[in-house]
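Input: a single structure, listed below in structure tokens.
Below, chains carry the letters A, B, ... as their sequence lines are ordered, and counting in each starts from 1.
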Number of protein chains: 2
Amino acid sequence: MAAAHPSPPGGAARTEAPSRRDQILTEAARLFARHGFHGVSIADLGAAVGVSGPALYRHFPGKEALLAELLIDISERLLDGGRERVGHGDPRAALAALVDFHVAFATREPELIVVQERDLANLPDEARRTVRRLQRTYVELWVDTLRRVHPGVAPAEARTVAHGVFGLLNSTPYAPRADQAAARGADARVAVLRRMALAALDAAPA
Amino acid sequence: MAAAHPSPPGGAARTEAPSRRDQILTEAARLFARHGFHGVSIADLGAAVGVSGPALYRHFPGKEALLAELLIDISERLLDGGRERVGHGDPRAALAALVDFHVAFATREPELIVVQERDLANLPDEARRTVRRLQRTYVELWVDTLRRVHPGVAPAEARTVAHGVFGLLNSTPYAPRADQAAARGADARVAVLRRMALAALDAAPA
DNA sequence: AGGCGGTGTTAACAATCGTTAACCACCGGC
DNA sequence: GCCGGTGGTTAACGATTGTTAACACCGCCT
């Protein structure tokens, strides 16, 4: 019934045929973002990728493991991306680069942002610790850079500032409308949020 | 086993003995914030207030109704508080007053902030529409005030700015530590977030 | 040809949860 | 001194859900 394109066996499709596993992860992000982890059943998830029910256990050991993979992956991507941008010289430039990176990420993958800040509590203990550690390291990246720009700022205050900027930049999922000349609107939002973040970072220290 | 102070029958206790109903709402906010709506069972909730299980049905028609009351109440309080602060003259002063109000609210009741932005999707349809309408009106309060300060800003852009500032101010729940000389720390955070928000609002228009 | 790993399917299970039923204790007012 | 309302209890029900079992098909490799 699924009428599956078996994907051309000879060469890679134009843009890398997405494996079933990746399809599942993508749909899971979408559905978890919309309805919350507990608001999506395994059956719903299967239906969303065209298979039904327990077929998911061929790809993941369980529902929580699926969430864990989503959240660990996004945390690692954030941390890696952040690390790439804090190396070179000028701390002010590094801070701006962090802002650009984070806002681009949040704009490109709003579902993952939503899931990460909402469903952390539904992770099994070990995965949750892992994600928390990655997140904390990412925050410290910001804190260190910020304190190189403003040496007077206490660590606790810098952390408040960092969390505040995350909240600001992560507000993209609550965009007024998703359609309406999407590209233009998204670009404009990015520019606005960028300006706001840089101003907020500058104003933070007394 | 509960060893309940029956609360002095003659006069009101020093600070208004909290009714069982209010106890339940308070604990519900705490638990929903920590574990999510679906992560808290009716039995958990009962246990948290010292009764067990279905006793809650003496006070609320159901679990969803409980959530609805929490969210509608907070939305109304935000809207009412906002309305009180946008009346008089100077738009710039009004905007600052909105910031002060919102950050105070988010600092005083972080659990409600978390629940509101996380569990809206778990509301039954009618209540969700009600909450959405209240939230939208609150946002429009900000949008109108912002556009009186910066007349050039388009409505869509102003909405982006407002949501961004909410994200910034609502970041208080992710405070570094809840203890550590709580009062001092909270006051300092409020001041930092206030400065950041005002700077971001000023920088938003091109 | 034959077997095997990968990927589905449906049916069944056990657990959990929201909700209801039936019953009971206390307490203030006629 | 009964009596009803208020707020509590435990037991049971029905639905949903995550997970497992048992089975089937298909393409590839030897």
Side-chain angles (χ1 to χ4, degrees), chain A residues 1-11 13 17-28 31-32 34-70 119 121-125 127, chain B residues 1-12 17-28 31-32 34-70 119 121-125 127:
Chain A
M1 192 71 79
H5 279 219
S7 98
S19 73
R20 173 82 359 130
R21 202 159 186 286
D22 292 340
Q23 286 182 53
I24 294 172
L25 286 170
T26 303
E27 286 304 309
L31 291 176
F32 289 169
R34 174 132 44 226
H35 305 109
F37 180 70
H38 283 118
V40 180
S41 72
I42 290 281
D44 294 338
L45 243 164
V49 300
V51 304
S52 242
L56 304 189
Y57 287 83
R58 298 294 165 195
H59 304 276
F60 298 93
K63 201 189 177 192
E64 287 184 334
L66 210 163
L67 180 66
E69 182 155 334
L70 274 182
D119 287 316
N122 297 123
L123 277 184
D125 284 3
Chain B
M1 192 70 77
H5 280 220
S7 100
S19 72
R20 172 81 5 134
R21 201 161 187 287
D22 292 341
Q23 285 183 53
I24 295 173
L25 286 170
T26 303
E27 286 304 309
L31 291 176
F32 289 168
R34 173 130 46 226
H35 303 109
F37 180 70
H38 284 119
V40 180
S41 72
I42 290 281
D44 294 337
L45 242 163
V49 299
V51 305
S52 245
L56 304 189
Y57 287 84
R58 300 291 165 198
H59 304 276
F60 299 92
K63 200 190 178 192
E64 288 186 332
L66 210 164
L67 180 66
E69 182 154 334
L70 274 182
D119 286 317
N122 297 124
L123 277 182
D125 284 5

Spacing of [X] atom [atom1] relative to [N] atom [atom2], expressed in whole Å:
X: A/Gln23; N: C/dG8; atom1: CD; atom2: C1'; value: 14 Å
X: A/His59; N: C/dG5; atom1: NE2; atom2: C1'; value: 13 Å
X: B/Arg21; N: D/dG7; atom1: CZ; atom2: C1'; value: 14 Å
X: B/Leu56; N: D/dT6; atom1: CG; atom2: C1'; value: 15 Å

In residues 58-65 of chain A, what donor-acceptor pairs under 3.5 Å come from side-chain atoms, sequence neighbours left out?
| from | atom 1 | to | atom 2 | distance (Å) |
| --- | --- | --- | --- | --- |
| A/Lys63 | NZ | A/Phe37 | O | 2.9 |
| A/Lys63 | NZ | A/Val40 | O | 2.7 |

Check: By side-chain hydrogen bond (donor to acceptor under 3.5 Å, both in side chains), which residues pair with A/Arg34, not counting sequence neighbours?
Finding: none
Next item on the list: Identify, with sequence neighbours excluded, every residue that meets side-chain hydrogen bond (donor to acceptor under 3.5 Å, both in side chains) alongside B/Glu69.
Entry: B/Arg21
Item checked: From A/Glu27 atom CD to A/Leu66 atom CG, the distance as rounded to the nearest 0.5 Å -> 11.5 Å
Next item on the list: Name all residues meeting the side chain to side chain contact (heavy atoms under 4.5 Å, CB included) criterion together with B/Ala55; count only those two or more places apart in sequence or in a different chain, and write none if there are none.
Entry: B/Val51
Check: Excluding sequence neighbours, so at least two apart, what forms side chain to side chain contact (heavy atoms under 4.5 Å, CB included) with B/Ser41?
Finding: B/Ala43, B/Asp44
Notebook entry, point to check: Would you say C/dG6 has OP1 or OP2 under 4.0 Å from some side-chain N or O of A/Arg20?
Noted result: no
Note to self: Treating primed atoms plus P, OP1 and OP2 as sugar-phosphate and everything else as base, which nucleotides of nucleotides 15-26 of chain D get B, S or - for protein heavy atoms under 4.0 Å?
What the structure shows: ---SBB-BB---
